[in-house]
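First comes the structure, then the notes that go with it.
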Amino acid sequence: MSSFYITTAIDYVNGSPHLGHAYEKVLTDVIARFRRLMGDQVFFLTGTDEHGQKVQQSARKKGIPPQQFADEVTAEFKAMLPRLAITNDDFIRTTEERHKKVVRAILQQLFDRGEIYLGEYKGFYSTRQEQFLQEKDRNPDGTWPEIFGEVTAIVEHNYFFRLSAYQAWLVDFLKANESFIFPKYRQKQVLEFLKEPISDLCISRPRERLEWGIPLPFDEKYVTYVWFDALLNYYSAVADKPGLWPASWHVIGKDILVPPHAVYWPIILRAAGLPLPGGIVAHGWWTSSGAKMSKSTGNVLNPLELADEFGVDSFRYFLMREMNVGQDSDFSREQFLVRYNGDLANDLGNLVNRTLNMANRFGGGVLPAAEVSEEPEAELKALWERTHAEFIPLCEGFQFHSALERLFAFVKAINAYIEKRAPWKLGKSAEAADQARLRTALATMAEALRLASTALQPVMPGTCEKIHGVLGLTPRGSWREQLAWGRGLDGSRVAASLVLFPRPPKL
Ligand code: MSP
């Protein structure tokens, strides 16, 4: 069994979870479930990023200590996970002792080796982005871009990490590991970014300006700052769990790829003498009428409301079917309803109902064995073989939207098979050959439905379980074995009916 360690970004606790956060958890969960079904020993980590200026400010505004503020928001992020059927194995908070201990140990080690030095910083500071700015960040007319909010000029002593010393190494590494970043075109963007010389990374803030952080072990007048703290969560969570580091994949949004994950993180690991992760999956943004959904713009959607209204599996299906991992997707309730009513209620929901209905009407509620294999059966089976052969590699390559597209084409084909076989007509015929065809049709539609629902398991785990339940099936063998045509349901007693996707009350 190979070990597969996967992480999400850790979320800032300066606002409630929204669709972007939910998507990343669902995507990572689908990958984690898929790998588990493929036989890997999976460890799935998520968590919250709790230090920094914004949290300090928000807590002050509310008149409560930052820890209490972070506790309250973290509770919301944690509560979201079971409601989205997320199967994380651990949840790390950057305010936990286990994390702070590792961050301080690594900082000390790097400081002792001369990788961290005290320097003077003259520059501009954006409180909103918690970021130092340079002249080149200004608008052509000399003003600061809106996203930075209020910008102030400052001079202060701070600690710097020798990022620039590793630039050439990183370029070589990325050239030698072409699949380090998914999608591949983003790796090219990183190499493009690395064509310009990079500066050393300022990793501290004086405590008089920022109290809410991890104090530097070698100079307690400073706290470490943003990325040096946050990125290390991936390692601190498993530092005491042998065999887990390095991570297989870090799943993040494209906004935090360059430079944090694609430049700072590999270099921090390299400098600390730790192995590098297998790779980084950078997904795109959910937008609303073209604009990124974010806390600061306010166009956010509460993912839990949708999951509660339409069921968590429908929500997961929509996210995975709609988003081509890496690209952006626009969210609208209308589009959600198109998928819900079309793919789920009409295609899958109807298929389940017809299968149960006919097995009850023509088979007394017990599934028969297939007896003949004529063209309609051969065609459907051949389509399954093709779908199956494509489905697994597409999932391995994070192409879930295409994998689901193929799978739902198969679901449609099962419905078409039923139309072609028309059991309601065969049922009227007294001929033995037609009766054999009828039994075959009942067996075939049930078998095809079993296969489709089994393949759906990583994305729609509850739905898969319900369908197996009404088919009277107790899955046996590995997932791969279950995906083979002809494992047979004959003799299974089916349920009377199952409403999977009730019609929404309003459009
Ligand atoms: N705390 C940092 C990450 C540190 S990781 C060591 C952070 N937090 S965040 O709360 O702003 O974002 C968390 C994740 O959600 C990021 O990967 C980000 O890309 C993702 N999303 C936030 N808004 C998003 C959308 N509108 N759409 C999709 N995902 C986006 O960044």
Side-chain angles (χ1 to χ4, degrees), residues 6-29 45-55 58 70 73-74 76-77 80-81 84 86 91-95 99 102-103 128-131 147 181-182 186 201 203 212-214 224-237 247 249-266 268-269 277 280-303 318-320 322-332:
I6 190 160
T7 66
T8 68
I10 48 171
D11 301 317
Y12 286 134
V13 292
N14 57 324
S16 300
H18 60 68
L19 182 66
H21 301 123
Y23 169 69
E24 193 173 279
K25 309 293 178 295
V26 169
L27 168 62
T28 313
D29 186 66
L45 176 75
T46 186
T48 41
D49 186 356
E50 304 189 5
H51 292 123
Q53 196 105 340
K54 281 186 219 163
V55 173
S58 305
V73 183
T74 293
E76 280 185 56
F77 275 95
M80 173 172 78
L81 301 173
L84 295 177
I86 305 298
F91 188 101
I92 184 132
R93 306 179 54 181
T94 52
T95 50
H99 174 71
V102 169
V103 170
R128 183 182 296 166
Q129 296 297 326
E130 296 191 355
Q131 189 185 334
I147 52 155
I181 294 164
F182 177 89
R186 295 232 176 260
L201 179 66
I203 61 151
W212 187 232
I214 304 175
T224 187
Y225 173 72
V226 183
W227 292 107
F228 221 93
D229 169 8
L231 287 163
L232 278 164
N233 88 86
Y234 302 135
Y235 176 68
S236 68
W249 291 98
H250 297 304
V251 178
I252 56 161
K254 64 178 187 179
D255 49 323
I256 54 173
L257 177 67
V258 192
H261 282 81
V263 179
Y264 305 162
W265 185 225
I268 292 173
L269 288 169
I280 300 167
V281 177
H283 62 74
W285 287 340
W286 282 97
T287 57
S288 173
S289 310
K292 179 187 181 230
M293 275 187 208
S294 75
K295 282 167 247 192
S296 41
T297 52
N299 58 341
V300 295
L301 212 109
N302 184 345
F318 175 78
L319 297 183
M320 300 310 294
E322 208 63 15
M323 180 81 103
N324 175 346
V325 177
Q327 288 169 25
D328 293 350
S329 237
D330 206 54
F331 185 91
S332 73

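Whatever order the structure lists ligands and atoms in, that order sets their numbers, starting from 1. Note that the structure is a prediction, hence the values are computed from the model and not measured.
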Exercise. What do the steps show when you test Ser329 against Glu322 for side-chain hydrogen bond (donor to acceptor under 3.5 Å, both in side chains), and what is the final call?
Worked result: CA-CA 7 Å; Ser329 237; Glu322 208 63 15; 5.5 Å; no
Exercise. Less than 4.0 Å between a side-chain N and a carboxylate O, is that true for Lys25 and Asp11?
Worked result: yes
Exercise. Where is the tightest heavy-atom contact between His261 and Ile280, given as atom of each residue plus distance?
Worked result: O-CD1, 3.3 Å
Problem set entry | Any side-chain heavy-atom pair of Val251 and Leu27 under 4.5 Å | yes
For this session: Compute the centroid of each ring, for Phe318 and then for Phe331, and state whether the two points are separated by less than 6.0 Å.
Result: yes
Exercise. What residues sit with at least one heavy atom under 4.0 Å from ligand 1?
Worked result: Ala9, Ile10, Asp11, Tyr12, His18, Gly20, His21, Glu24, Asp49, Trp227, Ala230, Leu231, Asn233, Tyr234, Ile252, Gly253, Asp255, Ile256, His261, His283, Gly284, Trp285, Trp286, Lys292, Met293, Lys295
Exercise. Would you say the side-chain atoms of His99 pair up with the backbone N or O of Ser236, donor to acceptor, closer than 3.5 Å?
Worked result: no
